[in-house]
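Reading through the structure tokens given below for one structure.
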Amino acid sequence: MADSSESGAFNDAPALEASGIAKHFAGTIALDDADFSCRRGEVHVLLGANGAGKSTLVKILCGVQPPDAGTIRLAGEPVKLENPIRAAELGVAAVFQELSLAPHLTVAENIMLAHEPTGPLGQIRGRELRRRVTELFEQIGIDHIKPNTLTGRLTLADQQLVEIAKALSHDPKTLIVDEGTSALGQEEVRRLFDLLGRLRERGTAIIFISHRMAEVREIADRLTVFRNGTNVGTVDAADMDESHLVELMLGERIEQSFPERAPRPTDNDILLDVDHLSAGELLHDISFQLRRGEVLGIAGLEGQGQGDLLLALFGMVRRLSGDVRVAGKPVNLGSPWKAIRAGFALIPEDRKTQGLLQPQSLRENIALASLKNLSRGGLIDRARERRTADEGMKRMEIKAASMETPVAALSGGNQQKVVIAKWLETGGDIFLFYDPTRGVDVGTKRAFYELIGELARAGKAVMLYSTELSELVGVCHRVLVMNDRRIAETLEDTDITENAILAASLGVRERAGADAEPAATRNIGAAS
Amino acid sequence: MIIERYYSSLTAVIGLVLLAILFAYIQPMILSPFGVTMSANQGTTLALAALAQLVVVLTGGVDLSVGAMVGLTNAIAATYMGTHPAIATLVIIGTLFAGTLAGFVNGLIVAYGRIQPIIVTLATLYIYTGIGLVVRPQPGGSVPSGFANALTGSWGYLPYGLIFLLVVVGVAWVPLMRSRLGRAIKAVGDNRNGARVSGISVARTELWAYTAGGFFAACAGIFLTAQTTSGDPTIGTSYTLNSVAAVVFGGAVLGGGRGVALGPICGAYFLSLLISVLFASGVSPFYQNLLQGAILVIVLAAANVWRLRTRHWLNVMSN
């Protein structure tokens, strides 16, 4: 401790060590006697199902919330992390899962928020601030984001990069990345990992939370699993056994990661026929067909138009051209309510802002999109509304105390089920899933896959836009791979592999094997 | 300076220019030093009140007590100012302090009482008006003419009132917005939780935003005192909602996080000039309110049309 010489004893002290951490929220135990430690120069992955206490631990470690009990040591020294700025000063910074950025401040203003360089009169030194951000961007290899852009104008992926830069602006000794890759495409994840690798070499301790096992496999030095608010095991990455980890996380055994796929429809009952759909710069000449009972994946690197395709079908993109037919009838996709009437149902990416009214009850949320059917003479028929909500809850197996529970009180997985229950009630036929498992734990993911299968078996059609390759491989009958806002390739059945999707996304087609691929598997939809 | 942030002020700036041209066309007489000064002075109090409202609106709140604070400070200034320049100066400083204190109280209750700003400031609206009535039960008071002339006179075509406003902006508003506090105010209004996890104390930021609001309201009260040369605690009533209108017309968003001073200031002058224009064009006073409201709605709707010409409905919703 006397001058920070690299004396053996203190070299061994972990960069960050938390012991006996407890945290209660209004009667529920979020963390209970939790221990965790992270060494210098390691990437320590934190795993756990939703509600396992990971996020609470992160909040405590970076000073957002105080623990009820327990001690935190940084390089052996006990510290009190009273607020995020204090934590940052002590060398702990976090990349938050829910973006902490203010959309109407510029990128540079956001990155330096609350630690701006100031002059003698307390004025912010704007030029110095931008200089630091430019320097930071150079260091970490961000060259396509201008510091003076308003942050809200950036794509979600770029915002996530800004969020990461914001954490790094504190030059942390311990960096916490909480779901920091969830909005990033493959290429950006690659760059982030390169960056984390460099930080690791410099001795930064990195705590990494992700639900993407492929990433975890790639970057982890050690892994710690949390369950029910406590540490249930730490292993070296070398000894990692995925099924064992999943078992630890869930506390029960799951045999396979994907449920059995719904049978691929054999008849030619075409429900959705999209013909030469374009939308300005957003979509170019999209054509495909979707059958009843089919699960169609939408893949591609970040920002290749996958999300916009779903939003277009849901009437949220303006100035569309081309034909869209549902069950043979042409439909007008001028607004969401027209799309709903045509049978489309969107399970949006950000269920908190687009899918649900958080403070309102389950009952109100389930009934919301079908109030017209549930009311008589302009008044809502309460009995029918309750019946509908009850049916929806049973059908989707939503776990809640009652139908009057506010949606905000439900777990993420159950919230998604509420969104689906709502659309089932409107008589939705074509379910558009917009990256639904982003930031969702393994158990809930599985429930999702089962749900998609059920919808398909019930004769609904499903479109699944996902950023997770394994999910597309495990769940879909067909996958449209998008590149540059058009359909680059269509993969079917056994051709759907992670490699094939990635290769198609990257536009790698001339490689060996591409010739051997039967031409019929390409652009099936587009050819029709 | 991020030019993009000033786009939202465009409607108010253009509206003000067009209205001024229209006014000069109807009533060429106003193009005299006296006419310009009089027209400007009519809007300066509201412009200052709009700054008071804007700093609070930026945090995502609203201050219904702006008008009451204007009236209270007006009553205090006119009652105690007397005739001696030294005393008058002390009273002006005291008045500024009183307004700032009133804003501080608003801030304390909003930030630490965890009560909705609209309710808190509705309550303090009555409290501040009540205190004003204790200080000065009847309109009146004495205001030294030197003081009145210093704020309401002009140098050629340049009204002193406008200079006063620019001084307030230059000495108080700009430094505030360039400080960490100003940045925090915008961040809190833009993304409350994000600001919190970035290490900003939301409560403290709100406290100082409302306090600053009180200071700007006091500036408005002092100008009003010079303009009317009397004190009346109930005179401020109209400034509350008009300041909200000026702020919104000036491109700020009631949800918080967005707005620059230019727009609301121009919005305030627009609103006060509108009354003069309606009067000058011979509209019956009975129809003035009706027309004023209708024009406001039309202009605001026109200003918002561009927002709908956007790629995604999502963008509209987030606006």
Side-chain angles (χ1 to χ4, degrees), chain A residues 59 62-65 83-89 94 96 98-106 108-116 118-119 121-126 129 148-153 163 166 170 279-282 307-308 311-312 314-319 335-336 348 350 353-354, chain B residues 1-8 58-60 170-205 208 251-253 255-260 307-319:
Chain A
K59 286 194 178 117
C62 60
V64 173
Q65 277 166 358
N83 59 56
I85 281 295
R86 180 81 190 117
E89 280 164 8
F96 292 99
E98 315 251 315
L99 295 176
S100 78
L101 307 172
H104 298 95
L105 292 183
T106 67
E109 286 169 345
N110 263 305
I111 287 174
M112 301 300 290
L113 191 62
H115 64 121
E116 297 93 348
T118 51
L121 300 172
Q123 83 278 21
I124 292 172
R125 291 161 61 205
L129 186 149
N148 264 350
T149 320
L150 293 189
T151 311
R153 296 240 180 275
E163 185 78 43
K166 183 175 169 183
H170 294 282
E281 297 165 352
L282 295 177
D308 291 314
L311 292 180
F314 199 63
M316 294 178 90
V317 174
R318 309 202 120 203
R319 291 195 287 266
S335 71
D350 191 352
T353 59
Q354 286 171 37
Chain B
M1 190 165 95
I2 310 299
I3 293 290
E4 209 176 339
R5 289 201 175 122
Y6 286 82
Y7 291 171
S8 62
L58 278 175
T59 66
V171 172
W173 183 269
V174 172
L176 172 66
M177 283 302 136
R178 296 232 171 127
S179 70
R180 277 192 184 173
L181 173 61
R183 188 66 50 82
I185 285 172
K186 283 189 272 184
V188 165
D190 209 7
N191 182 352
R192 231 178 146 75
N193 253 328
R196 193 172 283 129
V197 298
S198 303
I200 288 170
S201 162
V202 173
R204 212 176 309 153
T205 303
W208 294 119
V253 173
R258 269 171 296 170
V260 290
R307 281 194 184 154
L308 297 177
R309 290 171 37 204
T310 174
R311 303 193 309 187
H312 276 185
W313 281 100
L314 292 185
N315 296 350
V316 177
M317 291 194 273
S318 66
N319 256 313

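Order of the sequence lines fixes the chain letters, A, B, ..., with proteins taken first and strands second; residue numbering starts at 1 for each chain.
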Part of [X] lying under 4.5 Å from any heavy atom of chain B:
X      : value
A:L101 : backbone
A:K166 : side chain
A:L129 : side chain

Taking the side chain as every heavy atom from C-beta outward, state whether [X] and [Y] have any atom pair closer than 4.5 Å.
X      : Y      : value
B:R196 : A:V64  : no
B:R5   : A:L105 : yes
A:P103 : B:D190 : yes
A:M112 : B:R183 : no
B:R178 : A:L121 : no

Heavy-atom closest contact ([X] atom, [Y] atom, distance):
X      : Y      : value
B:N191 : A:A102 : CB-CA, 4.0 Å
A:I124 : B:S179 : CD1-O, 3.4 Å
A:P84  : B:S198 : CB-C, 4.2 Å

Could you tell me whether B:K186 and A:E109 make a salt bridge, using a distance below 4.0 angstrom between a side-chain N and a carboxylate O?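 Salt bridge absent between B:K186 and A:E109.
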
Ring pair (Phe, Tyr, Trp, His ring centres under 6.0 Å): which pairs involve residues 186-205 of chain B, sequence neighbours left out?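 Listed by first then second residue: nothing to list.
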
Under a 4.5 Å cutoff for heavy-atom pairs, which residue among B:G194, B:G182, B:A184 has the most contacts with chain A?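 The answer is B:G194.
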
Would you give the length of the straight line joining atom CG of A:N83 to atom OG of B:S201, rounded to the nearest 0.5 angstrom?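 Reported to 0.5 Å precision, the distance equals 9.0 Å.
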
How long is the span from the CD1 atom in B:I200 to the NE2 atom in A:H115, to the nearest 0.5 Å?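 Interatomic distance, B:I200 CD1 to A:H115 NE2, rounded to 0.5 Å: 10.0 Å.
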
